[in-house]
Every structure is written in C-alpha cells, then in structure tokens.
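Some notes on the structure that comes next.
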Amino acid sequence: MAAQTQHISCEFFPPKTEVGIRKLLNEVTPALNALGPEFFSVTYGAGGSTRETTLGLVSSIREAGIDVAPHLSFGGDDKNTIANLLQAYQSAGVKRLVALRGDVPSGTGGPAQLIYASELVAFIRERTGDHFHIEVAAYPEIHPEATSYDTDINFLKAKFEAGADSAITQYFFNVESYFYFLDQCADVGINKPIYAGVMPIINFANLIRFSANCGAEIPRWICRRIEAYGDDQESIAKFGVEVVTQLCQTLLDNGAPGIHFYTMNQVEPTRQIYNNLGL
Ligand code: FAD
C-alpha cells in the first residue's frame, strides 16, 4: 500500500557493555539490514562521552559493507579532536554524518560549552568539503530551549545555509505538527528533505521521561490507553505497533520524504512496523 521509494533509516545508540555491542553487531544490525534501510545511524553520547564506542561501532558496521552515519557534536572537544574524528570516519569509508549541538552531560554541573550545530556543519564543510552528506536535527514541536517557533525554524535554515543536505526530526506522535512544520519551513525557503523521526513504543516509563526532556508530546489518549494495560506488556507492545504503524502510514500517504526509526537497538517492533507498512 505504501509508496516504495521513500527513504528509510534506522538509529542505534552505543551499548554500554561488550555483550550489548556484540548483540547489536551480530544480531540486531543484520536483522534490520535485511529490511533494506538506506542507512543506519549511531548516536554520540552527550559531551562526546561515547566518542570511541561510536567510532568503533560505525567502523564495524562499515566493514560489513553497510552504510552508516555517525552522529557528531563538539561536546567539550577542541577543533583538532573533531578534525581527527572526521579523518577517521573518512578513512573508514563513511559518507554521511548527523551533525548536532548535543547537550551537556547530566551531572557535570559546570557552565554549558555547547557549539551550535550550524557551526559544526560549517566546520565539517571547511575541513572535508563535499565528502559527507550532512544530516541535521529538526523539531516539529520545537526545540525545548528555543525562544520562539520562528527563531527555531530560522536556526534550522541556518544549518542548511551552512551546508546541511537534509534533516531528521525529533520524534512526534502528533502528525499535524510535522506537516505544519514542513509548510513553515517551505515558507522560509527551506527546500531540502526533512525526514520524520519515529519512535516505536517500547518502554513506556522511559518514553514518558525522555519525552518530557526533549519536548515531544505524547497525546493523552495514548497515555490513557497504555496506562489501562497496566503490566500487560504484550498488549502495550501490540498497541504501540498499531499506533506507530498508523502514524507512519499517514506520513507516507501524505508525502513525507522518508522515515527515520529510533530503534532503541531492538529488532522488534521496527520490523513489525516495516512489515505492516509493506515496505
Ligand atoms: P542546534 O541546532 O544548535 O539548536 C540548539 C538550540 O539553540 C535550539 O533551541 C535553537 O533554536 C538554538 N539555536 C541554534 N542556533 C542558534 C544561534 N546561532 N543562536 C542562538 N540560538 C541558537 N543528542 C546527543 O547528545 N547525541 C546524539 O547522537 C543525538 N542525536 C540526535 C538525533 C536527532 C535526529 C535529533 C532530533 C536529536 C538528537 N540529539 C542527540 C539531541 C540534540 O543534541 C539536542 O536536541 C540538542 O539540545 C540540540 O541539538 P541541535 O543539533 O538540534 O542544536
């Protein structure tokens, strides 16, 4: 039923243990790769805290011949450290990056030393020319620190003007917010693809906590429905797949240029949603 040509990508985060890393590389990546996403991406811990693990994972996935995009931010690092990392990614055959400002790691307490994503994009272009396809982050429900809806969109525009090629959104469950956002972006002259970030519902307690931090709204009807299931994880998983499949179907039917799955390093439910969509 869904169109076949859309861009689909899948995101991982670096596991904390060796066992987790082996599972991701040997089980999760091949299983999701069998679905044929355009690329995988691997997140970068706040402040650069996963610099080596992200590089290691990305290199291993590349060695298996799979397209993968590391996420990257300045964090607390200097320009040389980031330039060396870019060099390492080029040597590993990486062609795509997700460039971010990132956040200050929790618990550090010190003053923020964050460098805006637009400055990182400009730095990557200055050091590596057109080598990388650069993705940036976008926020249909607006970044939690943004001073206004319009300024946030103008800062997204600045990321494109600095050299970004496309954007991936923060996840959302209100599909109207995404299409309204696309219209507003078009109005200010943004004409590059803005892929819809989609979060499968896996651990509801974590989802609520994370959504409060990143400014994603979980509609009341979804919360109430899941609360009613109590500890019945099977019903929650089934409901989550239904809701997110419907969200994706609406996105694809209405012309979203593609979907980026925040897989949470799980094969299911991303695979079930893929299959339901007939992708
Ligand atoms: P920016 O685009 O720099 O914007 C940050 C804030 O500053 C916004 O409020 C914006 O309005 C404002 N702003 C931008 N430019 C200016 C300016 N010149 N002057 C004043 N204000 C400005 N976090 C991680 O730590 N690791 C990851 O791997 C990671 N991956 C992500 C992937 C995606 C697809 C998304 C959507 C988010 C991801 N994040 C990740 C979270 C992200 O780092 C945070 O949301 C962070 O707070 C903002 O990053 P950004 O790149 O959007 O920042």
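Order of listing sets the numbers, starting from 1, for every ligand and every atom in it. Just so it is clear, the values below take in all heavy atoms, side chains as well, and ignore hydrogens, waters and symmetry mates.
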Would you check if the distance from the ring center of [X] to the ring center of [Y] is below 6.0 Å?
{"X": "Phe261", "Y": "Tyr274", "result": "yes"}
{"X": "Phe74", "Y": "Phe123", "result": "yes"}
{"X": "His7", "Y": "Phe39", "result": "yes"}

Under 3.5 Å: N/O of [X] near N/O of ligand 1:
{"X": "Gln170", "result": "no"}
{"X": "His143", "result": "yes"}
{"X": "Tyr116", "result": "yes"}
{"X": "Ile168", "result": "no"}

inquiry  = Closer than 3.5 angstrom, by distance alone: can the side chain of Arg224 be matched with the main-chain N or O of Ala228 as a donor-acceptor pair?
reply    = no
request  = Would you indicate which of Phe155, Tyr139, Tyr195 comes nearest to atom 19 (N) of ligand 1 when only heavy atoms are counted?
outcome  =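 Looking at heavy atoms only, Phe155 sits closest to atom 19 (N) of ligand 1.
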inquiry  = Looking at non-hydrogen atoms alone, which of Val42, Thr43, Leu100 comes nearest to atom 29 (C) of ligand 1?
reply    = Leu100
ask   = Going by distance alone, is a donor N or O of one side chain under 3.5 Å from an acceptor N or O of the other, for Ser9 and Glu38?
value = no
Under 3.5 Å side-chain donor-acceptor pair for Tyr44 and Ser49 =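 Not at all, the side chains of Tyr44 and Ser49 share no donor-acceptor pair under 3.5 Å.
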Classify the contact between [X] and ligand 1 as side chain, backbone, both or neither, using a heavy-atom distance cut-off of under 4.0 Å.
{"X": "Lys159", "answer": "side chain"}
{"X": "Arg101", "answer": "both"}
{"X": "Tyr262", "answer": "side chain"}

task = Look at ligand 1 and say whether Thr151 reaches it with a heavy atom at a distance under 4.0 Å.
result =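 No.
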request  = Taking only heavy atoms of Ala137 into account, list the atoms of ligand 1 that are under 4.0 Å away from them.
outcome  =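 Ligand 1 atoms under the 4.0 Å threshold to Ala137: 35 (C), 36 (C), 52 (O).
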request  = Would you please classify the geometry between the Tyr149 ring and the Phe181 ring as parallel, tilted or perpendicular, with 30° and 60° separating the classes?
outcome  =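 Because their plane-to-plane angle is over 60°, the rings of Phe181 and Tyr149 count as perpendicular.
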task = Check the angle between the aromatic planes of Phe239 and Trp221 and answer parallel, tilted or perpendicular using the 30° and 60° thresholds.
result =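 The arrangement is perpendicular - the two ring planes meet at more than 60°.
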Closer than 4.0 Å: a protein non-hydrogen atom to atom 4 (O) of ligand 1 = no
